[in-house]
Amino acid sequence: MATDYDAPRKQDEELKTDSLDELKAHRSDHQSNSVDIDEAEAADGFELPGADLSNVELSVAVIPAQDDEFTCSSCFLVHHRSQLAYEENGLPVCAECAS
């Protein structure tokens, strides 16, 4: 059965029964003034753009390209051989860069 999405969702009788006082009372019932999260604790986990990270040391394991992988000469990402589209001047190009 077809649905008319432009039709109002409430009937005229329901709209008349919703008074401003009822809506305010309903709204105040569902809101609370208490805060669940301490703002200072939440702000500690965020790094701002441009923050000085010179004293931070990263430890990342770098794995060299495997025998069945190649580095695209266009995007310089390492892809599996199944992603090889063609070679241009002896340099491999991935399927994403070829499209």
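- Counting non-hydrogen atoms of other residues, nucleotides and ligands closer than 6.0 Å to CD of Glu96 gives a total of 12 or fewer.
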Residues 50-57 side chain polar contacts: donor-acceptor under 3.5 Å, at least two apart:
from: Asp52; atom 1: OD1; to: Ser54; atom 2: N; distance (Å): 3.2
from: Asp52; atom 1: OD1; to: Ser54; atom 2: OG; distance (Å): 2.9
from: Asp52; atom 1: OD2; to: Ser54; atom 2: OG; distance (Å): 3.4

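- Remark: the backbone N or O of Gln66 is paired with a side-chain donor or acceptor of Glu69 at under 3.5 angstrom.
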Show, in sequence, the C-alpha distance, side-chain angles and deciding distance for Val93 and Glu87, and conclude whether the side chain to side chain contact (heavy atoms under 4.5 Å, CB included) test is met. CA-CA 6 Å; Val93 177; Glu87 289 190 14; over 6 Å; no
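- The hydrophobic cluster containing Leu84, built from Ile/Leu/Val/Met/Phe/Trp/Tyr side-chain heavy atoms closer than 4.5 Å, also comprises Phe70.
- The backbone N or O of Tyr86 sits nowhere less than 3.5 Å from a side-chain atom of Glu88 that would complete a donor-acceptor pair.
- Heavy-atom minimum distance, Asp68 versus His80: OD2-NE2, 3.2 Å.
- Side chain of Ser73 to main chain of Pro92: a donor-acceptor pair is present (N/O by atom type, distance under 3.5 Å, no hydrogens or angles).
- Between Leu77 and Cys94, the closest side-chain pair of non-hydrogen atoms is not below 4.5 Å.
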